[in-house]
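Naming convention: chains lettered A, B, ... in sequence-line order (proteins, then strands); numbering from 1 in each chain.
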Amino acid sequence: MRPHLAALLWRTALAAGLVCGIGLLPWLTHTDPALTVLKARSPERDPTPEVLADIRDQLGLDSGPSALLAQWLGGLAHGDAGRSWISGGEVMPAVLRALGASLLLMAVALLVAAVVAAAVCARTLHLGARRRLKGRRAGGTGSAVLAALPEFLVGSVLATVVGVQLGWLPALGWYGPQWTVLPALALGLPAGAVLGRLLDDLLPGAFGEQWARAAAARGLPGRRIARQAVRRCLPALLPNLGLFVVGLTGGSVAVEQIFDIPGIGRTTLQAALAQDLPVLQAGTLALVLLGAVATGACGLAARLLVGPALRDGALPTLHGPARSRRSVQPFVHGAVLAAVVAFGLPRDPLALNTGERLQAPSPAHPFGTDALGRDLLARVAHGALDTLLLALAISAAALCAGVLLGLLPRLSGPLVDTVNAVPAALAALLVTAVAGSGTTTPALAVTAVAWAPLAAHTSALLAQERATLHLTATRSLGASRRHLLRRHLLPAVLPPVTRHALLRLPGIALTLASLGFLGLGAQPPSPEWGALLAENQPYAERAPWTVLAPAAVLALLGALAVTAAGGVRRPGRQRRNHGSEAPPVAPPAAPAKELAETR
Amino acid sequence: MRPLRSRLFAALALTPLLAGCFASQGGEAQDDGNGGNGSRLRVALAFPPAERLSPYGADATLLSRLGVAEGLTTMDANGAAAPALAASWRQVDEKTWVFTLRDAEFQDGTDVTPSAVVNALTRATRAEPAPAALSGVTLTAEADGGQAVRVRTAEPDPILPLRLSSPALAVFSGKAYGTGGDGGRVDPVGTATGPFELTEVDGAASATLDRFDAYWGGRAQASGIDARFVADGTARANALRTGEVDIAEAVPVAQAATLDEDTRRDTATTRTTALLLNSSSGPFKDPGLRAAARAAVDTSALADGVYEGYADPGAGVYGPAVTWADGKRRKPAGRAQAERAKDTPITLATYDNRPELPEVAQVLKQQLEKAGFAVQLEVREYSRLESDALEGKFDAFVLARNTLVDTGDPVAVLAGDYTCDGGYNIAQLCDKDVDRAVAAAQRTADPGERQDAAMAAEAEILGTDAVVPLVHQRIITGVGTTVRGVVLDPYERALVGTGTRR
């Protein structure tokens with residue numbers, strides 16, 4: 001019971017810290033809440049000292065943050081989350097309604113994600129059930145491309161094409177089941193691709209296990225073997241599923257905007273911008289609670305699925321046979337990307353000519369021009385370096401932090417849930433409060449949230465790995481914890497987590513761009529890829545090429561990252577008790593591996 | 001075990017569905033009730049209510065655009081005061097006006113009496129913060145016999161009738177003001193006097209309105225309005241294209257081309273986008289460099305290239321929507337000679353709440369760089385930018401400003417934005433001649449002379465080159481092909497009127 005209590009305490013402390021952090025936000029960032037509240041109420045109103053003083057009086061700002069916070073917490077004990085600073089309406093009913101809409105959207109999106117994930121794994125399942133996995137090529141370009149597609153792009157394309165041009169489904173509002181389809185698709189497609197890739201990564205290992213061979217030998221139908229293989233792999237995935245539950249509930253601002261859904265993402269973003277602290281606190285707290293519940297549910301589900309095996313250390317290791325054939329895909333992807341950059345670099349990404357706006361692709365402008373008549377090829381190429389370097393650096397940092405914290409699941413579990421529940425804009429504001437608005441702030445803000453899914457993944461894999469038979473054997477032979485960690489745990493965990501980190505690389509580039517409106521991140525006219533997508537989104541229908549080019553290179557980057565991680569392996573190294581899986585060559589993994597080799 | 005578990009799962013998955021997680025869809029149900037009596041209008045509005053439709057803030061405009069609330073007066077096409085709840089008025093002395101009320105009824109069935117009007121105006125003066133139309137004005141109202149209201153101001157106020165046309169000073173019945181339990185909130189549901197009556201407000205998502213049959217101006221043709229607040233411009237345009245709404249307010253320029261030509265209406269507005277140059281610090285303290293910046297700007301490239309023709313090139317502080325301005329415009333005098341900038345570094349800031357502004361800033365960057373400036377752009381969300389702008393931290397600022405703010409008085413914007421004491425002086429302009437000219441305009445009572453004086457002050461301001469008018473924005477309203485009688489108001493105070501129908 002003790003560890004549970006400690007975890008509960010730690011979780012409560014984190015939630016309390018977050019709420020207090022929000023309560024102090026205006027005082028930490030030196031942004032006058034009276035001013036931001038006034039601007040949220042009446043953007044045109046001149047901020048005269050009298051008006052600001054009236055608002056301060058009205059909100060009781062002069063009594064200071066601690067009094068305000070104490071008052072809010074006191075009310076919360078009676079289920080009263082105070083009144084919104086902007087509208088004056090009661091917070092609790094508004095937040096609960098928004099949460100309800102978002103939860104429904106999330107549920108349908110997860111359904112879509114499940115279907116997509118199934119489609120992504122279909123080939124592996126099919127082959128695995130028939131025991132024909134050996135020697136197949138590392139595929140997955142399609143799912144990597146899908147995972148790299150930004151939600152807002154999928155959303156606006158669906159709204160325009162399916163909603164407006166074809167008229168099959170309503171594209172605006174939130175009034176009934178048929179309204180949920182398009183937004184759920186926009187959210188579920190990329191999420192399903194990520195989950196599908198993670199599952200696809202684990203499945204060959206499950207099919208390689210003894211029971212699967214035995215079952216096949218006994219003539220059990222392939223379908224049943226496949227089902228058990230999925231069941232075998234799900235526990236490692238569940239923590240990430242839990243994160244998606246919260247991420248899709250609180251973080252789908254763009255999709256809520258496009259389809260006009262009164263969800264909690266928009267509510268908290270608006271509150272964060274206007275410093276409407278009661279709403280922001282209530283919304284964040286609701287998301288943190290949801291995160292805790294989701295984690296609890298996932299833990300329960302994992303226990304139901306493989307509980308006794310986990311406890312008794314009776315799991316075989318989950319490492320698939322080596323995918324022996326080297327894939328040419330990463331080289332193709334890399335070559336295309338390099339060619340685009342090489343052709344674009346000599347062009348001027350900033351020279352604008354409003355006379356040539358929104359020109360379709362032509363010999364003079366191979367990728368067309370944007371709304372200000374700038375050459376898109378040039379912009380894509382010039383943005384490549386910044387985008388790639390920054391996103392790679394953040395991914396590497398997030399991977400290191402994620403793996404390190406993932407090794408300490410008691411400490412990081414609640415932290416992961418809490419961090420994951422914090423909306424990106426709020427995280428950026430909090431980081432700005434601590435680090436100031438320097439050039440590194442956006443990168444810090446993104447890193448501060450990007451490590452969470454990787455840590456969750458690491459913890460889940462570790463828990464399984466610790467329960468494997470060969471570890472029990474090694475332990476009983478007297479191996480030290482250090483030895484276990486270096487020789488067995490890390491080498492087993494790093495490859496899939498690294499692939500996971502690379503899968504999320506394009507998403508990091510997009511998150512970076514989404515901080516622009518806070519004055520953080522890339523400023524126009526910088527051709528950073530995420531910024532390119534954002535600035536051209538309004539023209540997506542009239543001039544599809546303006547978003548196609550940046551989306552294509554981003555997807556290509558995703559495909560490159562994933563296929564490179566899956567296909568490029570260190571040759572000539574076999575691990576006896578691990579099958580033949582060796583860590584992929586990736587910068588963050590290298591130091592651990594070197595250490596392992598020198599011993 | 002498994003069937004039970006899967007059943008449990010299904011139940012869990014369905015729970016949110018059962019919990020009523022959807023938004024309510026306005027007044028669909030009432031649709032058939034008024035069959036054959038004019039159909040309901042479906043309107044997509046751009047700005048959701050921020051303060052639960054309180055008339056004392058920006059939401060007041062929503063109430064007046066939907067034909068819910070009215071004040072004693074209204075503003076006519078020429079920007080002059082016209083009768084509304086007051087049938088006529090006269091000035092008794094410098095500080096006193098008497099407004100004679102017409103026979104009208106509140107939507108709750110009570111009569112519009114002088115005491116009700118006095119109550120409404122008194123409440124407005126006590127609101128905190130005070131409505132923008134009343135800032136700096138001390139106003140008292142009292143009943144004057146059975147049919148008139150006497151309004152006094154502490155200082156002479158030549159534009160009082162125009163001031164009372166502000167949507168913030170709309171008149172509601174006593175029931176609206178409650179007992180003060182909810183922070184002195186005004187409840188506009190069923191308590192106003194306009195042709196349409198609010199029956200239900202669903203937070204910041206939608207509002208339902210029914211026709212108010214006893215409206216003094218005659219019964220409206222539409223039987224009601226289902227208003228939805230859709231913040232995303234593309235979503236509003238899409239709603240019109242799919243026929244989900246009849247009127248879509250403020251369609252972004254980028255989406256205009258996706259609408260059929262016969263559903264696009266554009267109206268000149270009083271909104272002027274201008275380049276403000278910081279004239280008290282930094283490189284633009286030098287009038288010669290300000291002149292160089294003005295000379296470098298090509299406004300037609302902005303109007304055609306960025307606004308796709310949905311804007312007029314900048315002529316002055318007031319654009320073509322201010323109908324009288326063009327005929328009275330004077331040539332700015334005393335402009336400095338343009339100097340040549342030599343790689344002068346400047347910061348140019350703007351905000352992204354209006355999607356065209358970052359594009360304008362990028363075009364300006366190129367134009368200014370051709371003239372020898374080294375431009376650094378700064379684009380943020382408006383509330384994250386304003387205090388820095390007011391403190392003069394930027395050398396140049398691109399601002400879209402409504403030039404007939406709050407009261408409809410042309411002088412107010414000049415006093416606020418370009419005088420030493422101005423509360424919204426982003427250009428940091430402090431010039432004796434400008435202050436003198438603006439003060440003279442503020443003192444002038446006669447509407448025509450006031451306009452002349454305003455134009456004289458405008459010429460003084462433009463002469464300093466602290467402000468470079470870029471474009472006068474046209475607002476695009478999407479109107480369904482079957483809809484007639486939409487009120488396209490340059491002052492953005494009206495949208496649906498008694499004659500609007502489909």
*When heavy-atom pairs shorter than 4.5 Å are enumerated against chain B, which of A:L352, A:N353, A:L111 gives the highest number?*
A:L352
_For the interface with chain A, which of B:Y351, B:F229, B:Y424 has the highest count of heavy-atom pairs at distances below 4.5 Å?_
B:Y424
*Rounded to the nearest 0.5 Å, what's the gap from CG on B:D232 to CG on A:D260? Could you check?*
8.0 Å
*Count the heavy-atom pairs under 4.5 Å between each of B:G57, B:G233, B:A130 and chain A, then report the option with the highest count.*
B:A130
*asked:* For A:R374, which atoms come within 4.5 Å of any heavy atom of chain B: side chain, backbone, both, or neither?
replied: side chain
*asked:* As a quick check of understanding, evaluate side-chain contact (heavy atoms from CB on, under 4.5 Å) for B:T234 and A:Q537, giving each step before the final call.
replied: CA-CA 10 Å; B:T234 314; A:Q537 194 206 351; over 6 Å; no
*Name the region of B:L390, side chain, backbone, both or neither, that has any atom closer than 4.5 Å to a heavy atom of chain A.*
side chain
*Are the charged groups of A:R97 and B:D202 less than 4.0 angstrom apart, N to O?*
yes
*In terms of heavy-atom proximity below 4.5 Å to chain A, should B:V245 be classed as side chain, backbone, both, or neither?*
neither
*Write down the atom of B:A301, the atom of A:T354, and the distance for their closest heavy-atom approach.*
O-OG1, 4.0 Å
*Run the side-chain contact (heavy atoms from CB on, under 4.5 Å) check on B:V363 and A:L372 step by step: do they pass?*
CA-CA 8 Å; B:V363 174; A:L372 294 175; 3.6 Å; yes
*Which atom names give the shortest non-hydrogen contact between A:L172 and B:E244, and what distance separates them?*
O-OE1, 3.4 Å
*For A:Q275, is it the side chain, the backbone, both or neither that has a heavy atom under 4.5 Å from a heavy atom of chain B?*
side chain
*Output the option from A:T180, A:L350, A:D57, A:V51 having the highest count of non-hydrogen pairs under 4.5 Å with chain B.*
A:V51
_Heavy-atom proximity to chain A below 4.5 Å, by part of B:F47_ = neither
*Using a cut-off of under 4.5 Å for heavy-atom pairs, which of A:L110, A:I86, A:T36 has the most such pairs with chain B?*
A:I86
*Look at B:P129, B:A58, B:G203, B:A235 and state which one has the largest set of heavy-atom pairs under 4.5 Å with chain A.*
B:P129
*Can you say whether A:E541 sits under 4.5 Å from chain B via the side chain, the backbone, both, or neither, judging by heavy atoms?*
side chain
*asked:* If you count every heavy atom of other residues, nucleotides or ligands that lies below 6.0 Å from A:Q270 atom CD, does the total exceed 12?
replied: no
_Leading residue by heavy atom contact count with chain A [cutoff under 4.5 Å; candidates B:E128, B:Q376, B:R236]_ = B:E128
*Please tell me if the side chains of B:P358 and A:E535 come closer than 4.5 Å, counting only heavy atoms from C-beta onward.*
no
*asked:* Can you tell me which portion of A:A40 sits under 4.5 Å from chain B's heavy atoms? Options are side chain, backbone, both or neither.
replied: backbone
*Just by modelled atom types, is the A:P538 backbone N or O under 3.5 Å from a matching donor or acceptor in the B:Q255 side chain?*
yes
*asked:* Out of A:P47, A:A159, A:G163, A:A371, return the one with the most heavy atom pairs under 4.5 angstrom to chain B.
replied: A:P47
_As an exercise: rank A:A540, A:S87, A:P262, A:P170 by heavy-atom pairs under 4.5 Å with chain B and give me the winner._
A:S87
*asked:* For a quick test of reading the model, state the closest non-hydrogen atom pair linking A:R542 to B:V253 and the distance between them.
replied: NH1-O, 4.0 Å
_Part of B:Q366 lying under 4.5 Å from any heavy atom of chain A_ = side chain
_Heavy-atom side-chain contact between A:P525 and B:L377 under 4.5 Å_ = yes
*Flag the one option from B:A204, B:A205, B:S387, B:A132 with the top tally of heavy-atom pairs under 4.5 Å to chain A.*
B:A132
_Atom group of B:E386 that falls short of 4.5 Å from chain A, counting heavy atoms_ = side chain
_For B:V360, which atoms come within 4.5 Å of any heavy atom of chain A: side chain, backbone, both, or neither?_
neither
_For a quick test of reading the model, state the closest non-hydrogen atom pair linking B:G305 to A:R357 and the distance between them._
O-NE, 2.6 Å
*Let me know if A:S102 has heavy atoms under 4.5 Å from chain B in its side chain, its backbone, both or neither.*
neither
_Could you report the tightest heavy-atom contact between B:A254 and A:Y539, atom names first, then the distance?_
CB-CE2, 3.5 Å
_Interchain contact, A:L35 with chain B, by part (heavy-atom threshold 4.5 Å)_ = side chain
*Identify which of B:A257, B:G423, B:A239, B:A361 forms the greatest number of heavy-atom pairs closer than 4.5 Å to chain A.*
B:A257
*Would you say A:T48 and B:S135 make side-chain contact, with heavy atoms under 4.5 Å?*
no
*Is the backbone N or O of B:A50 less than 3.5 Å from a side-chain atom of A:R41, with the two atoms forming a donor-acceptor pair by type?*
no
*Which atom pair, heavy atoms only, marks the closest approach of A:Q165 to B:R241?*
NE2-NH2, 4.3 Å
